[in-house]
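Along the sequence shown, residues are numbered consecutively beginning with 1.
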Amino acid sequence: QDTEAHRTLQETCCHPCHHRRYTHNHGPLGAHRAEISHQEEREKRMFSIAEHLNDFFDWISTLSFSSIVNTYWFLFFIEMPRYYILEYLVIGNRLMKRNRIDKEKEYAKYFLYRENPLVSILVPGKNEGKHIFKMVNSLAEQTYRNYEIIVVDDGSDDDTKLICNDLYRAGYITHYLRLDTRGGKAAASNYGAQMARGKYIVCLDADSSLDRDALEKILLPFYIDGMVKGVGGCVKVRNYKETICSSLQAFEYLKRIQVGRIVTSELGIYHIISGAFGAFERKTLKEVGYWDIGPGLDGDLTQKIRKAGYKVKFAEDAICMTNVPTKWYKLYHQRIRWSRSLVRFRLRKHADILLPTKNWSILNWLSNMESVVFDCFLNFLWLWYIIKLAITFNTHIIEVLALGYFIRVCFSQLAFILVLMVSERKKDVWFLYRYLPLMSPYTGYFLRIARLSAHLQEIFFRRSYKDAWNPEKTSRYAQLEGI
């Protein structure tokens, strides 16, 4: 009976009529029905999107120009005057003076090479072995040749010691100094500065590389104005093609560093020389007491030089390429560290700049206030603005945010033109154009939220003293000394 049942089942499965029924239910016709179902779902989604767009444009049609301006007052009355109108005016004026500026640089270049001062290139770092050789190679190609290289190993536990000893024996670096116990970037920089013999000290991150004429161009401002004692180089992103995260930072660096610091330097309120690439007169560094414990030691040193009565300048054509975080969580933690330093140094340590003391200077006051207002206070105002929008337009909040996004994208086009006006790498700028629609959520929300979080942590809990970026012992000492 089992054999008979098996034969019957086999015949049934193999019977042509049954096969046709199976094909009829599950073959081409079934696939056709599924395709029709998917198409209907797509049509429903498209109809829903079209309906929402129609509602959005109907809502916009009810708005007047004055109501749009009143709704988005934060964009039109705060961001637009500072980051667009002012910058266009300053950049335009600078372009009109281009011939005079070029002549000044030619004269400065003549005096630089006539004096031919020794320059001490200071490279502090921890676990930077994989970057050292590439950095040294970029220095070997510099047009300015009279320099010494001082590498300070801040307690590395990788192969930095082996690599640097090989480079020292081969004559590629002048001094290799090692701290067996990690002391932090300030300690390493101060140690290296004691060994420096040059008239100028150029600080460079180990993972950075320079354009061939970068060293020459960062020295020129010292020979244009004798009161200049610190010069910041223009830091750009090398790994801008790796991820969306690094691409957005690349455009941010072009707008905030290259364009933004040209503007603040022209106005005399430039307030931070990047630790990745900056030059200082050695005598002045000694006068102001070198570096204090960070994080944020770059801006701190710049403020100390300004308070001593000297000028600082930005050299937009002294190009330094560096790598930036490619992961969002790493970028977030980096910006948290940077933003904590604003509260620690500008609102606490250098609060005297904001007060009418005997050494008070209007330019120093404006320099500090520009940073405090636009990088700190306005973040809290922005938070209140967003909450107020959500309460006022609770039934149309999606439409309000969408229109705000569209306005910001338009502003991004203006920013892109500004970057094109000053950049020497226009091909790279055009590559980044595709990411402009993402700059609004990146700068308008991600960076602002990071800054807000950092400022609250530092104001109420002084978290910068617990930052792992700095050794615990040095942070504890800094807190006891009030620095």
Side-chain angles (χ1 to χ4, degrees), residues 112-113 116-180 182-220 231-240 242 253 273-280 282 285 291 298 315 317-324 425:
L112 168 66
Y113 279 96
N116 197 35
L118 177 66
V119 176
S120 299
I121 300 174
L122 184 58
V123 188
K126 175 181 169 64
N127 292 340
E128 298 286 2
K130 61 183 178 181
H131 301 299
I132 293 290
F133 184 72
K134 185 184 293 185
M135 181 273 299
V136 169
N137 261 348
S138 79
L139 293 175
E141 298 174 353
Q142 289 300 300
T143 55
Y144 189 80
R145 306 298 305 161
N146 190 21
Y147 59 81
E148 61 177 0
I149 302 175
I150 303 171
V151 177
V152 186
D153 180 356
D154 188 22
S156 295
D157 49 25
D158 65 350
D159 54 2
T160 298
K161 183 178 179 180
L162 177 66
I163 293 171
C164 288
N165 277 325
D166 286 346
L167 291 172
Y168 174 71
R169 283 192 292 267
Y172 287 103
I173 61 178
T174 313
H175 298 288
Y176 169 58
L177 310 175
R178 177 174 169 81
L179 297 171
D180 291 326
R182 180 177 171 233
K185 188 174 181 180
S189 299
N190 290 336
Y191 183 29
Q194 301 301 321
M195 295 291 295
R197 298 180 298 111
K199 180 178 180 180
Y200 301 105
I201 293 179
V202 172
C203 297
L204 192 63
D205 279 353
D207 62 347
S208 300
S209 57
L210 303 179
D211 279 8
R212 293 183 66 251
D213 57 358
L215 193 55
E216 171 190 302
K217 289 185 174 177
I218 203 171
L219 296 172
L220 295 183
V231 181
C234 184
V235 181
K236 295 192 175 187
V237 176
R238 183 195 295 119
N239 59 333
Y240 65 94
E242 282 193 27
Y253 273 49
I273 295 174
S274 173
F277 185 36
F280 307 91
R282 182 164 64 95
L285 275 182
W291 288 268
D298 313 327
D317 50 359
I319 306 299
C320 169
M321 305 302 293
T322 191
N323 289 329
V324 295
R425 286 174 164 85

Output all residues satisfying side-chain hydrogen bond (donor to acceptor under 3.5 Å, both in side chains) with Arg425, sequence neighbours left out; order by chain, then residue number.
->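 So Arg425 forms a side-chain hydrogen bond (donor to acceptor under 3.5 Å, both in side chains) with Asp211.
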Ser209: what forms a side-chain hydrogen bond (donor to acceptor under 3.5 Å, both in side chains) with it, not counting sequence neighbours?
->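 Listed in chain order: Arg238.
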Rounded to the nearest 0.5 Å, how far apart are [atom1] of [X] and [atom2] of [Y]?
{"X": "Ile218", "Y": "Tyr144", "atom1": "CD1", "atom2": "OH", "answer": "13.5 Å"}
{"X": "Leu139", "Y": "Arg145", "atom1": "CG", "atom2": "CZ", "answer": "9.0 Å"}
{"X": "Ile150", "Y": "Leu204", "atom1": "CD1", "atom2": "CG", "answer": "12.5 Å"}
{"X": "Asp298", "Y": "Ser274", "atom1": "CG", "atom2": "OG", "answer": "6.0 Å"}
{"X": "Leu210", "Y": "Asn137", "atom1": "CG", "atom2": "CG", "answer": "12.0 Å"}

What's the shortest heavy-atom distance between [X] and [Y], and which atoms?
{"X": "Val151", "Y": "Cys164", "value": "CG1-SG, 3.8 Å"}
{"X": "Cys234", "Y": "Phe277", "value": "N-CD2, 4.5 Å"}
{"X": "Ala193", "Y": "Ile201", "value": "CB-CD1, 4.1 Å"}
{"X": "Leu177", "Y": "Gly192", "value": "CD1-CA, 4.0 Å"}
{"X": "Asp213", "Y": "Thr143", "value": "CA-OG1, 3.6 Å"}
{"X": "Ala214", "Y": "Ile319", "value": "CB-O, 3.5 Å"}

Does atom OH of Tyr113 have more than 12 heavy-atom neighbours, drawn from other residues, nucleotides or ligands, at distances under 6.0 Å?
->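 Yes.
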Residue pairs involving residues 182-192 (criterion side-chain hydrogen bond (donor to acceptor under 3.5 Å, both in side chains); sequence neighbours excluded) | Lys185-Asp205
Could you tabulate the donor-acceptor pairs under 3.5 Å formed by side-chain atoms of residues 119-132, not counting sequence neighbours?
| unit_1 | atom_1 | unit_2 | atom_2 | d |
| --- | --- | --- | --- | --- |
| Ser120 | OG | Glu148 | OE2 | 2.5 |
| Ser120 | OG | Arg197 | N | 3.3 |
| Ser120 | OG | Gly198 | N | 2.8 |
| Lys126 | NZ | Gly155 | O | 3.0 |
| Asn127 | OD1 | Asp157 | N | 2.8 |
| Asn127 | OD1 | Asp158 | N | 3.2 |
| Asn127 | ND2 | Asp157 | OD1 | 3.0 |

For [Y], is there any backbone N or O sitting under 3.5 Å from a side-chain donor or acceptor partner on [X]?
{"X": "Thr174", "Y": "Ile149", "value": "yes"}
{"X": "Arg178", "Y": "Ser156", "value": "yes"}
{"X": "Gln142", "Y": "Leu215", "value": "yes"}
{"X": "Asn146", "Y": "Asn116", "value": "yes"}

For a 4.5 angstrom cut-off between non-hydrogen side-chain atoms, does [X] reach [Y]?
{"X": "Tyr176", "Y": "Lys161", "answer": "yes"}
{"X": "Tyr200", "Y": "Val231", "answer": "no"}
{"X": "Phe280", "Y": "Ile273", "answer": "yes"}
{"X": "Val237", "Y": "Asn239", "answer": "yes"}

Would you please test Val324 and Tyr253 for side chain to side chain contact (heavy atoms under 4.5 Å, CB included) and show each step?
-> CA-CA 10 Å; Val324 295; Tyr253 273 49; 3.7 Å; yes
Residues forming a ring-ring contact (aromatic ring centres under 6.0 Å, His included) with Tyr168, sequence neighbours excluded = none
Among all residues two or more places apart in sequence or in another chain, which pass the salt bridge (charged side-chain N to carboxylate O under 4.0 Å, His left out) test with Asp317?
-> Lys105
